[in-house]
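Got a structure for you, written out below as structure tokens; questions coming shortly.
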There are 2 protein chains.
Amino acid sequence: MNIESLQMFCLVVDEGSISQAARLSYVSQPAVTRQIHQLENFYGALLFDRTDGKLKVTEAGKMLYPFAKSIVHDFHRSKESIKQAMGEYHANLHVGASFTIGEYLLPSLLGRYKKQTPDIKVTLTIKNTPGVLEDLSNDVIDMALVEGLVENKEFMVEKFADDELIVVCSPEHVWGEQIFIEELINERIIWRESGSGTRLIVENSLREYGILEKMESYMELGSTQAIKSAVEAGLGISILPRLTVARELKLGLLREVDIEGVTIFRNLWLVKKQQRFNKIGVSQFLEFIQNGACHSSKLKTKK
Amino acid sequence: MNIESLQMFCLVVDEGSISQAARLSYVSQPAVTRQIHQLENFYGALLFDRTDGKLKVTEAGKMLYPFAKSIVHDFHRSKESIKQAMGEYHANLHVGASFTIGEYLLPSLLGRYKKQTPDIKVTLTIKNTPGVLEDLSNDVIDMALVEGLVENKEFMVEKFADDELIVVCSPEHVWGEQIFIEELINERIIWRESGSGTRLIVENSLREYGILEKMESYMELGSTQAIKSAVEAGLGISILPRLTVARELKLGLLREVDIEGVTIFRNLWLVKKQQRFNKIGVSQFLEFIQNGACHSSKLKTKK
DNA sequence: CACAGGCTATAAGTATTGGTTATAGCCTAT
DNA sequence: ATAGGCTATAACCAATACTTATAGCCTGTG
């Protein structure tokens, strides 16, 4: 049996059309028809239902699909692997990340990774979390770095860092270095829009201390950058991931305020597809991350 | 690329010889040579080193091997899967078990499983634990049931039952239904040979209570059956898995004695290869086991 | 309702592939 | 030296896989 035929089968299933698959592969349509026939003949089962001119995948076809995908996938990996061993292949690791991680954390992280393994090319795609996970599902990217916890059997999820959510205010604010949590109640707090993952975490945490209910919503802004500008301008205070304000804290544009006895953490997750053979470079990246390449403590600007 | 060629490659690697692989596959030797050449040509790398008349797998060949195995494996599974969906395939689930589990626990367990899913044929192979695990590694069996905990990255291990180790004595023994653990000290205890997994567990447990050191070894026997006969004959007492003495207890040939405040458990483990696609029947068997098909409580003969 | 434009299946011709047997060349062990 | 194992190559044949051309079917449109 030809692996190419299995790959063609996958393409036909994905495209829902033999002709379209033929066009995409730059072969004639009868060639594709024949490959599918060959498969059907081999497996002794119709893979597509051609009644009423439509091409519908049969039960047998649906059954075959994951196996075919897996075989084709392993086959590609085998080529990469051997090419790499021969020194003819330079892996192109495609990483996807959510906006916050991609914009604030990854530039330096990938920089350090590339310095460590210069022969691996790294491409970064930044989207919102659902978009990143869809790319991962469609094999557009090799791994994803996101904030929210992902629940999906096809994915393998692993914490790769955590990020602290801290209170920031303008440098002119009357507060000192530390406050009691109750002092938040009468402040003008600038929130992300409801539904934002960050906001949920902060709300849950404040609810635990029983002060969320006593607070009044003052202002909601749709982007972290907008919130930072508003806080800088002294319009209010906010609770933001340390990641996103590390630069402003360093430059003295914003000031960090500890809450006595309270720290709010959120985990950052590395997500990859559950599969036997990783793309060249993925394993190294995993190791790089696990060897403590990335700790929130490193981001602190405390004295 | 032909999946058959990859399979042939695996066979050549396993056998270390092109001619031997040809003989086993009932094809001519040049046909095999050609398939290997085709692979080498495709991957752009020599897979075997033919200098000095020996056939030695190259680095590239070693690299390809796991991919080829995986592809061939998935391919076979795909055939089974579709045949099964077409109703033309009756899975033959091959289970391996250690002696104790295979002889005492599995007969009834497999009986109940077959009653539940009569269209799956089950074959049982009983060996010692290392032998069973070797069979699993070589794909001779589909899953293994053993007592000792297995540590191996290629395996997936899961507790499927536990077994209690209980004190047994002859029905004529002076003891009542319950004793204090100190009463063991002056008894004539019949042990399995040192190194036996069961013995280790018992020793560890008695050591916890600080009485192992106070005991004297009286007799060591190499098989559970021998120990049971010796205890029946009143030569001494022993501590044995409840599994292995359930029948004798029921028939009154042996008597169980509780130790006040002490129970010794050991886990029984289901081991299978870590792989994406399970053989038909393996998943059902896993579910069957997990749905509490097998609890030590069921084996108890307590009033 | 006719017909253009999409689809898949089939037919016929050619190129490639995968098997065979026969044989050459190499190494090892007797 | 030589027999007996191995792998590689050559020559041949059958099966496979591609091509183009074409038929048949369905849908949507004027």
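Letters go in sequence order (proteins before strands), and every chain restarts at 1.
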Note to self: Just the rounded figure in Å: distance from P of C/dT10 to CG of A/N41.
What the structure shows: 12 Å
Notebook entry, point to check: Starting at CG of B/L55 and ending at C1' of D/dG5, how long is that distance when rounded to a whole Å?
Noted result: 13 Å
Margin query: I want to verify a distance call: between C/dT8, D/dC18, D/dT7, whose nearest atom is closest to the A/I18 side chain?
Written below: C/dT8
Next item on the list: Decide if the gap between the ring center of A/F75 and the ring center of B/F42 is smaller than 6.0 angstrom.
Entry: yes
Next item on the list: With the side chain of A/R34 defined as its heavy atoms from C-beta on, choose the nearest nucleotide among D/dC18, D/dT19, D/dT7.
Entry: D/dC18
Next item on the list: Identify which nucleotide among D/dT7, D/dC18, D/dT19 has an atom closest to any side-chain atom of A/P30, counting heavy atoms from C-beta outward.
Entry: D/dT19
Note to self: It should be established whether B/Q38 places a side-chain nitrogen or oxygen under 4.0 Å from OP1 or OP2 of nucleotide C/dG18.
What the structure shows: yes
Checklist line | Residue met sooner reading DNA chain D from 5', once A/K54 and A/S28 are mapped to nucleotides | finding: A/S28
Item checked: Along DNA chain D (nearest heavy atom to each residue), the more 5'-positioned of A/S5 and A/Q29 -> A/S5
Check: Any side-chain N or O of A/S19 less than 4.0 Å from the OP1 or OP2 oxygen of C/dT8?
Finding: yes
Next item on the list: Taking only the side-chain heavy atoms of B/R23 (C-beta and beyond), determine which of C/dT8, D/dT9, D/dC6 contains the nearest atom.
Entry: D/dC6
Notebook entry, point to check: side-chain hydrogen bond (donor to acceptor under 3.5 Å, both in side chains) with A/E15: which residues, sequence neighbours excluded?
Noted result: none
Notebook entry, point to check: Mapping B/Y26 and A/T33 to their closest nucleotides on DNA chain C, which lands nearer the 5' end?
Noted result: A/T33
Check: Do A/F48 and A/F9 have their ring centres less than 6.0 Å from each other?
Finding: yes
Note to self: Would you call the rings of A/F277 and B/F67 parallel, tilted or perpendicular, taking 30° and 60° as the class edges?
What the structure shows: tilted
